[in-house]
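So that the names make sense, note that chain A is the first sequence line, chain B the second, and so on, each numbered from 1.
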Amino acid sequence: MSNAKLPRDFYTRASVLAIARDLLGQRLVVAGAGGRGRVAGIIVETEAYRGPQDRASHAHGGRRTARTETMYRIGGTAYVYFVYGMHHQFNVVTNVADVPHAILVRALEPVEGLASMRRRWPAPPPVLTNGPGKLCRALGIDRALDGADLLGDRVWIERGAPPAPRAIARGPRIGIDYAGPWAARPWRFWIRGNPFASRRDAPARPTASAPRLPGRAARPRG
DNA sequence: CAGCAGATTGACT
DNA sequence: GTCAATCTGCTGC
């Protein structure tokens, strides 16, 4: 089935970095509600947060609070929180229960329900889903979905077409300067050159399996 | 219970 | 490049 939900064992694997990479090309879906049809987008950018050891993680040092409790659930759970007084952030919990790994979905290519997405703004931006806060607004994701089972019927991820290994770029995570050296770790993954990624000019480097291309890698798209 | 920083965004110099 | 918006969850008193 091309539209099968990703199974539990996709999410419970031990390597949050591998899962962050493997989410690229998959399809994030939010069920229709309130007279709206379902909305969906292809994941084009992710960031991994590796639990207690990772200074940038909400669960750094094993921190366990009302908010972070969701991160300790089993892989395949949605972790949604609210920041900056106005934006929600959608994360995928990974690994087994009590290991608080999570992956922030930073950007999507919108593919279903574009009209529904635009209706969430009085004046819709030209690109609806090129950032973690924007994609939550476009898809109607808020804290009501915190803790939702990704194998359930409210929000889920369907199998899509993974990008070729050489099309995957990685680099430092965004917006975590407070995390010191952890901010420099290349734990952000995106589809190289994708026009829906949140930062098209960010420093990119080849993945281990990809050869460096000569010359024009950073050339702007036409 | 006051103070503050935040896994962002859009407007503006 | 700078900066305000806007509010929650935390920390520390």
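With both ends at atom C1', the span from B:dC4 to C:dA4 equals 16 Å, rounded to whole Å. Distance check on atom C1': B:dA5 versus C:dC3 gives 16 Å, rounded to whole Å.
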* Worked check of salt bridge (charged side-chain N to carboxylate O under 4.0 Å, His left out) between A:Arg159 and A:Asp22 -> CA-CA 10 Å; A:Arg159 197 177 298 287; A:Asp22 292 347; over 6 Å; no
* Would you please test A:Asp153 and A:Lys5 for salt bridge (charged side-chain N to carboxylate O under 4.0 Å, His left out) and show each step? => CA-CA 10 Å; A:Asp153 61 4; A:Lys5 287 173 187 169; over 6 Å; no
* Asked: Between A:Arg106 and A:Glu47, is a salt bridge (charged side-chain N to carboxylate O under 4.0 Å, His left out) present by the stated rule, with each step listed?
  -> CA-CA 7 Å; A:Arg106 288 193 56 91; A:Glu47 271 179 6; 3.7 Å; yes
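A heavy-atom distance below 4.0 Å to DNA chain B is reached by none of the residues of residues 10-20 of chain A. Shown for residues 51-63 of chain A: residues whose heavy atoms fall under 4.0 angstrom of DNA chain B, namely A:Ala56, A:His58. DNA chain C lies under 4.0 Å from at least one heavy atom of each of the following residues of residues 73-109 of chain A: A:Phe82, A:Tyr84, A:Gly85, A:Met86. Taking every heavy atom of residues 116-149 of chain A and every atom of DNA chain C, pairs under 4.0 Å involve A:Arg143, by number.
Bounding nucleotides for the chain A contact on DNA chain C, 5' to 3', at a heavy-atom distance below 4.0 Å, are C:dA5 to C:dT11. Taking every nucleotide of DNA chain B with any atom under 4.0 Å from a non-hydrogen atom of chain A, the first and last of them, 5' to 3', are B:dG6 to B:dG10.
At least one side-chain heavy atom of A:Ile174 sits less than 4.5 Å from a side-chain heavy atom of A:Arg188.
A:His58 and A:Tyr49 share no side-chain donor-acceptor pair at under 3.5 Å.
For the side-chain hydrogen bond (donor to acceptor under 3.5 Å, both in side chains) condition, the pairs that include at least one residue of residues 108-126 of chain A, sequence neighbours left out, are A:Arg27-A:Glu112, A:Arg38-A:Glu112.
Hydrophobic cluster membership of A:Trp156, counting Ile, Leu, Val, Met, Phe, Trp and Tyr whose side-chain heavy atoms lie under 4.5 Å apart directly or via other members: A:Val29. Hydrophobic cluster membership of A:Phe82, counting Ile, Leu, Val, Met, Phe, Trp and Tyr whose side-chain heavy atoms lie under 4.5 Å apart directly or via other members: none, as it forms a cluster of its own.
Every residue two or more places apart in sequence or in another chain was checked for a side chain to side chain donor-acceptor pair (under 3.5 Å) with A:Asp142, and none qualifies. For A:Arg137, the salt bridge (Lys or Arg N to Asp or Glu O under 4.0 Å) criterion is met by no residue, not counting sequence neighbours.
Expressed to the nearest 0.5 Å, how far NE2 of A:His101 lies from OG of A:Ser57 amounts to 8.0 Å.
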* Asked: Given pairs defined as Watson-Crick or G-U wobble with both distances under 3.5 Å, what dot-bracket annotation applies to DNA chain C, with ( ) intrastrand, [ ] crossing, | other strand and . unpaired?
  -> |||||.||||||.
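In summary, A:Arg73 and A:Asp98 do not engage in a salt bridge, as defined by a charged side-chain N under 4.0 Å from a carboxylate O.
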